[in-house]
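For the numbers below, each heavy atom of this structure counts, side chains included, while hydrogens, waters and symmetry mates do not.
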Amino acid sequence: MKVYRPEIDGLRAISVIAVILYHAEFTVAGHTLLRGGYIGVDVFFVISGFLISQILLTEIEATGRIDFLKFYARRAREESYLRCLQ
């Protein structure tokens, strides 16, 4: 069962904003702000790993195994859907 977790979306948004600000190279009085933009990438990957783990654990609980073909097929459908939005 999918449960919407707004706090995860909030963390995801913060990590994306951190990367954007890093690449924008904002400076104040000659000092670059947010020199650690890679932290946003790390947080984003940790969140993604958490969500994928939740999907896999839910499948194990429901079926007793992981169907990797089904898992990757879902990822491919999501990726193709996202590309259609661009």
Side-chain angles (χ1 to χ4, degrees):
M1 179 166 99
K2 289 186 178 182
V3 176
Y4 176 67
R5 305 270 310 262
E7 65 275 13
I8 291 177
D9 273 347
L11 285 173
R12 197 182 275 180
I14 290 169
S15 66
V16 169
I17 289 168
V19 172
I20 290 170
L21 292 176
Y22 170 75
H23 286 288
E25 297 181 357
F26 286 115
T27 58
V28 174
H31 298 285
T32 302
L33 300 177
L34 293 171
R35 287 186 272 171
Y38 58 88
I39 294 172
V41 175
D42 289 348
V43 170
F44 191 84
F45 282 135
V46 168
I47 293 168
S48 296
F50 171 76
L51 294 173
I52 288 171
S53 297
Q54 290 298 109
I55 290 168
L56 295 175
L57 289 171
T58 301
E59 185 172 349
I60 289 172
E61 289 175 355
T63 65
R65 65 186 194 93
I66 297 172
D67 184 347
F68 283 106
L69 185 60
K70 183 178 168 185
F71 174 77
Y72 284 113
R74 282 193 308 258
R75 300 285 81 68
R77 278 195 307 270
E78 290 172 7
E79 179 69 25
S80 62
Y81 172 74
L82 291 174
R83 286 178 188 245
C84 290
L85 293 177
Q86 294 179 349

For a quick test of reading the model, state the closest non-hydrogen atom pair linking A18 to G40 and the distance between them.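 For A18 and G40, the tightest heavy-atom pair comes out as CB-CA, 4.3 Å.
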
Going only through I, L, V, M, F, W and Y residues with side-chain contacts under 4.5 Å, is there a path from [X] to [Y]?
X	Y	result
F68	L57	no
I20	V41	no
F44	F50	no

Spatial distance of atom [atom1] ([X]) from atom [atom2] ([Y]) [nearest 0.5 Å]:
X	Y	atom1	atom2	result
I66	T58	CD1	OG1	10.5 Å
Y4	D9	OH	CG	3.5 Å
I55	R75	CD1	CZ	4.5 Å
L56	D67	CG	CG	11.0 Å

Begin from the C-alpha positions of T63 and K70 and carry the test side-chain contact (heavy atoms from CB on, under 4.5 Å) through to its verdict. CA-CA 13 Å; T63 65; K70 183 178 168 185; 5.9 Å; no

A quick test of your reading: do over 12 heavy atoms of other residues, nucleotides or ligands sit less than 6.0 Å from CZ of F45?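 No, the 6.0 Å shell around CZ holds no more than 12 heavy atoms from other groups.
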
Only one of V19, I14, L21 passes side chain to side chain contact (heavy atoms under 4.5 Å, CB included) with I17; say which it is.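 Running side chain to side chain contact (heavy atoms under 4.5 Å, CB included) over V19, I14, L21 with I17 returns exactly one hit, L21.
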
Flag side-chain contact, heavy atom, 4.5 Å: I52 against F71: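 Counting from C-beta outward, I52 and F71 do come under 4.5 Å.
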
Do L51 and R12 come within less than 4.5 Å of each other through their side chains, counting heavy atoms only?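 SC-SC contact between L51 and R12 confirmed.
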
